[in-house]
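Notes follow once the structure below has been shown.
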Protein chains: 2
Amino acid sequence: MRMSEGVEWGLHCCVTLGWLDDRAPVSIRRLALWFDLPQEYLKKRLQALARAGILTSAPGVRGGWSLARPPEKITVMEVVAALEDGLDLFCCTEVRQKGAGGEGAAPSEFAKPCGISSVMRRAELAWRRELASHTVADLMERSPQGAERTRRNYLRMTG
Amino acid sequence: MRMSEGVEWGLHCCVTLGWLDDRAPVSIRRLALWFDLPQEYLKKRLQALARAGILTSAPGVRGGWSLARPPEKITVMEVVAALEDGLDLFCCTEVRQKGAGGEGAAPSEFAKPCGISSVMRRAELAWRRELASHTVADLMERSPQGAERTRRNYLRMTG
DNA sequence: GGGTCAGTACTCGGATATTGCATGTCCGAGTGTCCTCGG
DNA sequence: CCGAGGACACTCGGACATGCAATATCCGAGTACTGACCC
């Protein structure tokens, strides 16, 4: 179980778009060049972020991508959820009810989720809570050097 | 990103083996029948748990599987780690260093992990901590009805 | 000068490989238990 | 009655097939800006 690589890409794009806010929108070609990523696939991932209301895209020759909201209003959790289809880490298949082990049980016994499922859900909530407690703005602030370098390099790139 | 189904199987097997402690070892055939799972693949997953020192297997006609340790000494985290190859949820590929965006940076800038990686790691730690705080014994205690039904059904199965 | 029109550089969404991992199956070899049979 | 040996029911580990989701690429259509051209 590993997270999709697109999550890392998406988060870096969000942070970079935040840093380049005054220069937005940024075209997909430049973003792909920026991180040395496959352009078409990156575009697909960013489209997912647009569907989630995190990014917006502008068509046309001066078009490109920019944050749909101020970065302090975008949590890391939102980005992860948008890029992972909001799926749960753990998916209980109610194994306990199947086969010989589940025979002869009172129906009420399965009304509540099983202990395993509960523990998993608690752990997942802790994970989500942590992710939700950080925003793109937090990430931007964590690396002032990165912000500066980004602006400098982007200036050089666009001439 | 979804957890392998084998994790659910493994945990249910551990709990069931805990409940049936006095009747262990339990053969893979019975376990597979018990949960209506593919026998060969289940075996593979249990072998992984054996490698991690969580289960032991006994060969021979009265052989089968049993817990390698008392259930209060087996955390849910251990089972998950054993079945997921201990891989991290998030794997930083250092995208920030690649492409045009990373050019002209001081080497010292990349000495520390990037903010994204840090946030992910914190979240993952919260998840792990939660999983490590529960043991198989906890899970066993959560469902006294399940314990009783298991013993009853197993008795019927083995005659 | 201002309106029209084509060109350009982007976007989108859908369709289609390719890849890798989770899932699932099969087989040969090894080992402990039980049963049988001969002494 | 007891010990040797074979049958059996399990185990292990590796090899192989399948399915699906992540990754990657391509294409046709739409849209906004730019510049040229014409009235």
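Letters go in sequence order (proteins before strands), and every chain restarts at 1. As the structure is a computational prediction, the values presented were derived from the model and not from experiment. Just so you know, these numbers use all the heavy atoms, side chains as well, and skip hydrogens, waters and symmetry mates.
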Once base and sugar-phosphate atoms are separated, protein heavy atoms under 4.0 Å mark nucleotides 14-26 of chain D, 5' to 3', with B, S and - as -B------SBBBB
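Here the P atom of nucleotide D:dT11 and the CG atom of B:L49 are 14 Å apart, to the nearest Å. To the nearest angstrom, C1' of C:dT19 lies 14 Å from CZ of A:R2. The CD atom of A:Q47 sits 9 Å away from the P atom of C:dG14 (whole-angstrom rounding). If you take CG of B:L37 and P of C:dT23, they are 11 Å apart, rounded to a whole angstrom. Atom-to-atom, CG of B:L33 to C1' of D:dC10 comes out at 15 Å; the value is rounded to the nearest Å.
Considering every non-hydrogen atom in both A:E84 and A:S4, the closest pair reads OE2-N, 2.9 Å. Across all non-hydrogen atoms, the minimal contact from A:L83 to A:G10 is CD1-CA, 4.0 Å.
Using a 4.0 Å cut-off between charged nitrogen and carboxylate oxygen, A:E40 and A:K43 count as a salt-bridge pair.
Within the structure, a side-chain polar atom (N or O) of B:R62 is placed less than 4.0 Å from OP1 or OP2 of C:dC34. Within the 4.0 Å cut-off from OP1 or OP2 of C:dC10, at least one side-chain nitrogen or oxygen of A:R29 is found.
Within residues 52-60 of chain A, the residues that have a heavy atom under 4.0 Å from DNA chain C are, in order of number, A:S57, A:A58, A:P59, A:G60.
Separating the CD atom in B:E109 from the SG atom in B:C114 is a distance of 11.5 Å, to the nearest 0.5 Å. Taken from CG in B:D21 to CZ in B:R23, the straight-line distance is 12.0 Å, to the nearest 0.5 Å.
A:F110 and B:W34 are assigned to two separate hydrophobic clusters, defined by single-linkage of ILVMFWY side chains at heavy-atom distances under 4.5 Å.
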Assess the residue pair B:Q97 and B:E94 against the criterion (side-chain hydrogen bond (donor to acceptor under 3.5 Å, both in side chains)); give the C-alpha distance rounded to whole Å, side-chain angles, the decisive distance to 0.1 Å, and a yes or no. CA-CA 6 Å; B:Q97 295 191 35; B:E94 287 294 336; 3.1 Å; yes
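The one candidate from B:R156, B:R152, B:R149 that meets the side chain to side chain donor-acceptor pair (under 3.5 Å) condition with A:E103 is B:R156.
Nearest to the side chain of B:R51, among D:dC10, D:dG13, C:dC12, sits D:dG13.
Two rings, from B:Y41 and B:W9, have their centers less than 6.0 Å apart.
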